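Notes for the one structure printed next.
Everything quoted here is computed from the prediction, not taken from an experiment.
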Amino acid sequence: MKAARDIASRYWLPAGIAAFCAAVFWSANYFERVPPILKRGIQPSDFPQLVCGLIIFLSLLLALGKEAPRPKPLAREAMLSMALMAGFVAAAAVDLFLALGIFAASLSALWGERRAGVLLGVGVALPACVFLLFDQVFRIRFPRGVLTSIWYG
């Protein structure tokens, strides 16, 4: 049973990925062409075909290459970091900078930082500096949220 699973992951999975990419490559041939007078670079079909060609090449390398040892399972911190990232995405709907502050401080604490001043600095100063840089220097307005509504009035 283990041998069949190894063969499936070694050959069938890369073959499936390559087949999917070949189908996408072929379907990109039906994108509308830009007239030569308007063309300022590549055609719309060129980029997806380039990416699919690269993925097919990498799939072939995966199938034909030397077998690598099985990786270790992800550490607890890595799994919790991914959960924090999902929480950040959900909290960003309320306010981007509030979510950024909570995420940065939580991630720092998860990775071992215990000094309250550093956690407070990462959680408050980092989002404030990012916000002020983009808002005041680059003149980019952010979507309204809890904190940004207070700033923008």
Side-chain angles (χ1 to χ4, degrees), residues 1-114 118-119 121-123 125-135 137-145 148:
M1 188 67 170
K2 185 178 188 280
R5 194 171 46 226
D6 287 344
I7 289 173
S9 65
R10 178 102 176 123
Y11 299 109
W12 288 109
L13 185 62
I17 292 170
F20 174 78
C21 287
V24 171
F25 188 95
W26 179 259
S27 69
N29 285 325
Y30 295 103
F31 288 180
E32 285 188 35
R33 291 276 184 209
V34 176
I37 192 87
L38 298 175
K39 185 178 169 189
R40 290 189 179 189
I42 63 174
Q43 290 288 338
S45 63
D46 293 344
F47 183 73
Q49 287 178 335
L50 178 67
V51 171
C52 286
L54 177 64
I55 293 172
I56 290 170
F57 174 72
L58 293 174
S59 296
L60 288 172
L61 285 180
L62 181 64
L64 302 175
K66 188 171 81 172
E67 189 168 342
R70 201 169 287 280
K72 296 177 186 175
L74 288 176
R76 177 183 164 273
E77 289 81 9
M79 298 300 284
L80 289 173
S81 296
M82 287 187 268
L84 278 175
M85 184 73 73
F88 168 74
V89 169
V94 175
D95 189 277
L96 178 66
F97 293 98
L98 186 61
L100 181 60
I102 293 169
F103 174 74
S106 300
L107 192 64
S108 297
L110 175 67
W111 288 353
E113 181 57 57
R114 298 291 174 246
V118 172
L119 290 174
V122 167
L126 173 74
C129 289
V130 169
F131 177 78
L132 292 173
L133 173 72
F134 281 90
D135 187 64
V137 177
F138 299 140
R139 302 278 185 216
I140 296 173
R141 290 183 61 93
F142 289 97
R144 294 217 176 233
T148 50

Reported [atom1]-to-[atom2] distance for the pair [X] and [Y], which is rounded to 0.5 angstrom:
X   : Y   : atom1 : atom2 : result
L13 : L62 : CG    : CG    : 7.5 Å
M82 : M85 : CE    : CE    : 10.0 Å
S59 : Y11 : OG    : OH    : 14.0 Å
I56 : F25 : CD1   : CZ    : 7.0 Å
I17 : I55 : CD1   : CD1   : 8.5 Å

Can you name the nearest heavy-atom pair linking [X] to [Y], along with the distance?
X    : Y    : result
S108 : L119 : CB-CD2, 3.6 Å
L126 : A104 : CD2-CB, 3.8 Å
F103 : L84  : CD1-O, 3.6 Å

For this session: Assess whether side-chain contact (heavy atoms from CB on, under 4.5 Å) is satisfied between V51 and L54, documenting all intermediate values.
Result: CA-CA 5 Å; V51 171; L54 177 64; 5.7 Å; no
Side chain proximity check, [X] to [Y], heavy atoms < 4.5 angstrom:
X    : Y    : value
W111 : S81  : yes
V122 : E113 : no
T148 : R141 : no

For this session: Check whether any side-chain N or O of R114 sits under 3.5 Å from a backbone N or O of A109 as a donor-acceptor pair, and report yes or no.
Result: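 It does hold such a pair.
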For this session: Could you go through the side-chain contact (heavy atoms from CB on, under 4.5 Å) check for L96 and F131 one step at a time?
Result: CA-CA 10 Å; L96 178 66; F131 177 78; over 6 Å; no
For this session: Apply the test side-chain contact (heavy atoms from CB on, under 4.5 Å) to residues N29 and Q49: give CA-CA distance (whole Å), side-chain angles for both, the deciding distance (0.1 Å), then the verdict.
Result: CA-CA 9 Å; N29 285 325; Q49 287 178 335; 2.7 Å; yes
